[in-house]
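Below, read A as the first sequence line, B as the second, and so on, with proteins coming before strands; counting in each chain starts at 1.
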Number of protein chains: 2
Amino acid sequence: MKPATLKEIAQKLNISVSTASKALKDYPDVSKKTKALVHELAKTLNYKPNSLAVNLRNKETKTIGLIVPEVVHHFFSSVIKGIISQAEKKGYLVIILQSNESYKLEKKQLNLLMQQRVDGILISLANGTADFMHLNEIVAQDKPLVMFDKIAKLVRCSKVIIDDRKAAYDATQHLIDIGCKKIAHFRGALLPQNSIDRFLGYKKALLDNQMDYDPSLVYICECGDKSFEEGKTNALQLLEDHTDVDGIFINTDLVAIGALTAFQEKGIQVPNDIAVVGFSNWFMSSVISPSLTTINQPGFLMGKTAFKQLYKEIKSKKKNKPIALKEIILQTDLIQRASTTLSS
Amino acid sequence: MKPATLKEIAQKLNISVSTASKALKDYPDVSKKTKALVHELAKTLNYKPNSLAVNLRNKETKTIGLIVPEVVHHFFSSVIKGIISQAEKKGYLVIILQSNESYKLEKKQLNLLMQQRVDGILISLANGTADFMHLNEIVAQDKPLVMFDKIAKLVRCSKVIIDDRKAAYDATQHLIDIGCKKIAHFRGALLPQNSIDRFLGYKKALLDNQMDYDPSLVYICECGDKSFEEGKTNALQLLEDHTDVDGIFINTDLVAIGALTAFQEKGIQVPNDIAVVGFSNWFMSSVISPSLTTINQPGFLMGKTAFKQLYKEIKSKKKNKPIALKEIILQTDLIQRASTTLSS
DNA sequence: CTGAAAGCGCTTACAG
DNA sequence: CTGAAAGCGCTTACAG
């Protein structure tokens, strides 16, 4: 059973396709009688306008593209949820692609989306992305583009982010406030702006408090599939390298949980021997023992906000209005839990 | 800068649109010279065929729809990853929708996808879905449809599942094998086939081993956002209701981890006082302490397999070949870990 | 109030 | 080897 078309409806009713079309869209210049007939037949035939034809005609697809580095990831899946729930409210569908942290794939996928004529694009960059030509091309072609979380500062488009530097500063300051004297940092990969900013926030907090910044206290983790294991490995390495570290600020919760596990195995008391702060407020963090102090990173809200901004830009463009680019910074807060609550 | 069209290319080269089109597609009946010219200009203009027009003409969209109950969920996000990575290989894009476990939304979304003229649909049902008219309609309209994980047995379409009953049987048998005499079950919601099947597998294992089936040992959890809390609550309730339970088979890992946490707080030793088996092999399950014995449920593979089957059906339909419906059952295995490994 | 016409951007069977 | 024509399924400005 092929889907019904306007033509069929028109033929059965002995009217023209134009009239049928206008009747369905409740144009004022069609008689009530005709409208009723058309609507009725449309219903019985289960008529649904072919969106390909509609879109070709109207030059919009009511579809947006979304590229994330990784789908199996609590933060990104929260963002996705925020985006698709908001998009659905506005009648938009979302095509989701995953760059696997690869620059090459990201570029290819951007091309796919342009070819598909999506009305706008939402993207969080791959760790491997160091040049931004592919993004600038999108902007040059006047396609609404909003970056979130992992952004490129220099690309002229709207951005939805948190203030990673401030959040990391707060996390580090918190460790200092509870009395830590020698604070390590497990940072993320070298390229992404977030992990740079979090590192800088850590460093600045130390310096503002007249504490030494010691590069040997900074450990790197890629934060991919192996986050948990990286946390364990780094923690064990840290114990070998330094005997007097009493606090760690860790780039992301899953790595932090790995570290907590290593400490537990080694008989290191958290927080009394070493206090730990994570980042992102993964739902398991409140649940493990000791529960993890962390920075709350609002994924769902970020997705929602990014879509809203993109939607505004799509609307503006449609009306040929100038597009006001925005950099929206979402609030983060420190959530203190057992991993930094000293018992004495 | 508007995207280039075939017409523009044809005009600049003083040839017809037909020839330009054929040149780009390397039809044999176009001269080498023309082909070269067209390809070159296409490149400099950054020409990308408008897929809306192509699709309208070819009556296919190279897009499939995917409906899952929940995106922020380790199992489903693994499935999503499996689907989109496989789809990309075959040149398909994926529109993802989330039913939020709601029958009403699921129905609406199916309509959206039909209107969008996706080439096929992949779906895992909402817990709230008890009637299947909306699915039968899809089938009646000859749209390729593959259900996975949460399926409706009676709908005439392909399915990719695990053998929940057998897996649950294995899990329960394992508890019996290590010596458990009174085994409780935390089951999922009442409607979904999975949770019914897992319950039946549990029951059958008991009966096959001449153990009593006692309904008061079966607790229900909705397995939504609150899985962890439900696990805790149920575990505490169980301790109040029964003093002599020595094993539990739990519908899903996150609930099981909640239960483990409750037991730890109450000083109950796992596995020596109570042994615990979960379901799904969530990545945290190997990591917590005690690590959780569980059934491995292959999400990524399930997504990949479901797409492959859908792809076959799309191809068959295109060639007007009959479609061979399949029920594909993926392998599960019991992974034994500390939560059922008695120390004595 | 109704309908013929043009057009969105392609593809392809057909004629020359 | 090239191009005119028809058509995919719609929408809308225009004529009547």
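- Closest to the side chain of B:S18, out of C:dG9, D:dA5, D:dC10, is D:dA5.
- Using a 4.0 Å heavy-atom distance criterion, A:N58 is classed as a sugar-phosphate-only contact.
- For the atom pair CD (A:Q86) and CG (A:L310), the distance works out to 11.5 Å, reported to the nearest 0.5 Å.
- Nearest to the side chain of B:K59, among D:dG9, C:dC1, C:dT11, sits D:dG9.
- Comparing C:dC10, D:dT12, C:dC8 by their nearest atom to the side chain of B:T5 picks out C:dC10.
- The side chain of A:K22 has D:dA13 as its nearest neighbour among D:dA13, C:dG9, D:dT11.
- The closest side-chain donor-acceptor pair between A:T34 and A:S31 falls under 3.5 angstrom.
- Contact annotation for B:N50: backbone-only contact, meaning every heavy-atom pair under 4.0 Å involves sugar-phosphate atoms and none involves a base.
- Checking C:dG3, D:dT2, C:dC8 against every side-chain atom of B:T34, the shortest atom distance belongs to D:dT2.
- Among the protein residues, A:T19 comes within range of the nucleic acid bases, having at least one heavy atom under 4.0 Å from a base atom.
- At the heavy-atom level, B:S31 lies under 4.0 Å from the strands shown only through sugar-phosphate atoms.
- Checked for salt-bridge contact, B:E137 and B:K143 miss the test: no charged N lies under 4.0 Å from a carboxylate O.
- Residue-level contact check: B:L52 touches neither bases nor backbone, having no heavy atom under 4.0 Å from any strand.
- Using a 4.0 Å heavy-atom distance criterion, B:K25 is classed as a sugar-phosphate-only contact.
- Nearest heavy-atom pair, A:Q98 versus A:Q109, reported as atom, atom and distance to 0.1 Å: O-NE2, 2.9 Å.
- Base engagement by B:S21 is indicated by at least one non-hydrogen atom pair under 4.0 Å involving a base atom.
- Of the two residues contacting DNA chain C, namely B:V54 and B:D29, the nearest-nucleotide position lying further toward the 5' end is that of B:V54.
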